[in-house]
Amino acid sequence: MSKSIILATTNPHKVDKLSWIVKGFLNPIEMPEKIDVEEDGKTFEENAQIKARAIAKKFGEYAIASDGGALIPSLGYQWNALLTRRFIGSKTASDWDRIDGLLSLMKDKIGSERKVVWREAIAVANKNGDIVFSKEVEGDTGIIQTKYNKDQYREGIWLCTLTSYPQFEGKNFFELTKKEQKKGEMSWWRLKDETQAFLETIS
């Protein structure tokens, strides 16, 4: 296998996570330019495969991509987990627009109706664009807050600004200890284990 792999994302958080996953196995390379890929898959795993395949073909390198989102069961048809970042309907929407938009959708929800469940998927494509590995996993659960603190924000993970964890005394994601964050980001740890198990078989 190639010693290098393109990180098929410009999301700062995902760049960090994908680099972390392949570290020690492959040399991660950030995309030299942003490439728009139509994510029309029916699952997160399909979207990750679409992105990995497109970027691998574009640059002639192995590529790794991810896709994920939040399931909010109480919103029903009002919320499509596959469009977590795009639900607001505007290509120019800011993260603050998304935060305010979700709070508006959730304004009448109380208690367990504010439950959110994370899912993440990952895919690796070879230089020809063939998918050689992919996996989708479920992460931890949290609660959508009724308000937010602007200091609790990081680009690429806007929804964490609104997520608290009853299992950790109601702390916001950014207030969690490193040990607690590992629990809150369970999906990424599961993907790391699965992906590195695959990388070990081909290294």
Side-chain angles (χ1 to χ4, degrees), residues 7 9-21 34 39 41-48 51 65-122 136-192:
L7 307 177
T9 183
T10 56
N11 179 312
H13 180 70
K14 289 188 176 183
V15 167
D16 289 345
K17 290 301 183 186
L18 295 178
S19 297
W20 169 66
I21 286 173
K34 184 176 181 179
E39 300 171 30
K42 295 181 179 180
T43 65
F44 295 121
E45 188 170 1
E46 285 183 10
N47 279 338
K51 287 185 281 189
S66 69
D67 193 53
L71 284 69
I72 307 176
S74 67
L75 287 181
Y77 71 90
Q78 292 180 288
W79 180 261
N80 182 344
L82 291 170
L83 303 178
T84 297
R85 184 176 180 276
R86 293 162 281 166
F87 83 96
I88 202 87
S90 170
K91 292 183 178 180
T92 61
S94 69
D95 283 348
W96 303 111
D97 293 331
R98 296 180 183 98
I99 288 171
D100 290 335
L102 181 53
L103 283 180
S104 179
L105 285 177
M106 298 289 289
K107 65 181 184 298
D108 297 324
K109 306 300 181 185
I110 60 173
S112 61
E113 293 177 321
R114 303 188 74 88
K115 177 182 176 182
V116 57
V117 183
W118 298 92
R119 291 195 71 86
E120 292 284 347
I122 207 164
E136 181 171 329
V137 300
E138 186 168 296
D140 206 7
T141 61
I143 294 292
I144 299 297
Q145 300 167 185
T146 58
K147 57 184 178 179
Y148 61 91
N149 179 348
K150 281 195 171 185
D151 293 332
Q152 295 171 339
Y153 168 79
R154 198 168 89 200
E155 185 180 359
I157 48 174
W158 66 270
L159 195 47
C160 291
T161 303
L162 280 179
T163 305
S164 62
Y165 294 85
Q167 60 270 47
F168 299 124
E169 302 176 340
K171 293 180 185 177
N172 174 268
F173 176 82
F174 295 106
E175 297 174 317
L176 301 179
T177 65
K178 288 186 177 180
K179 183 177 180 180
E180 290 167 344
Q181 279 196 4
K182 180 176 179 180
K183 177 74 171 176
E185 291 195 310
M186 183 188 300
S187 56
W188 282 107
W189 285 89
R190 286 175 172 168
L191 287 178
K192 180 185 180 184

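Only heavy atoms go into these numbers, but all of them, side chains included; no hydrogens, no water, no symmetry mates.
Not a single donor-acceptor pair under 3.5 Å links the side chain of K14 to the backbone N or O of G156. Between the side chain of N172 and the main chain of C160, a donor-acceptor pair closer than 3.5 Å is present. Judged by distance alone, with hydrogens and angles left aside, the side-chain atoms of R190 form a donor-acceptor pair with the main-chain N or O of E138 at under 3.5 Å. Without hydrogens or angle criteria, E180 side chain to T177 main chain gives a donor-acceptor distance under 3.5 Å.
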* In sequence, state the C-alpha distance, the side-chain angles, and the governing distance for V15 and T10, and then conclude on side-chain contact (heavy atoms from CB on, under 4.5 Å). => CA-CA 7 Å; V15 167; T10 56; over 6 Å; no

* To do: List the steps and the verdict of salt bridge (charged side-chain N to carboxylate O under 4.0 Å, His left out) for E185 and K17.
  => CA-CA 11 Å; E185 291 195 310; K17 290 301 183 186; 2.7 Å; yes

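Aromatic ring orientation, W20 versus W189: perpendicular (interplanar angle above 60°, classes split at 30° and 60°). H13 and W188 have perpendicular rings, their planes meeting at more than 60° on a 0 to 90° scale where under 30° would count as parallel.
Contact of the R119 side chain with the V137 side chain is not registered, since no non-hydrogen atoms from C-beta on lie closer than 4.5 Å.
For the atom pair Y148 OH and W158 CH2, the distance stands at 11.0 Å (nearest 0.5 Å). Between the OG1 atom of T146 and the CG atom of L162 there is a distance of 9.5 Å, given to the nearest 0.5 Å. Note that NZ of K182 is 13.0 Å distant from CG of D140, once rounded to the nearest 0.5 Å. Rounding to the nearest 0.5 Å places CG of L159 at 10.0 Å from CG of D95.
More than 12 heavy atoms of other shown residues, nucleotides or ligands fall within 6.0 angstrom of atom NZ in K171.
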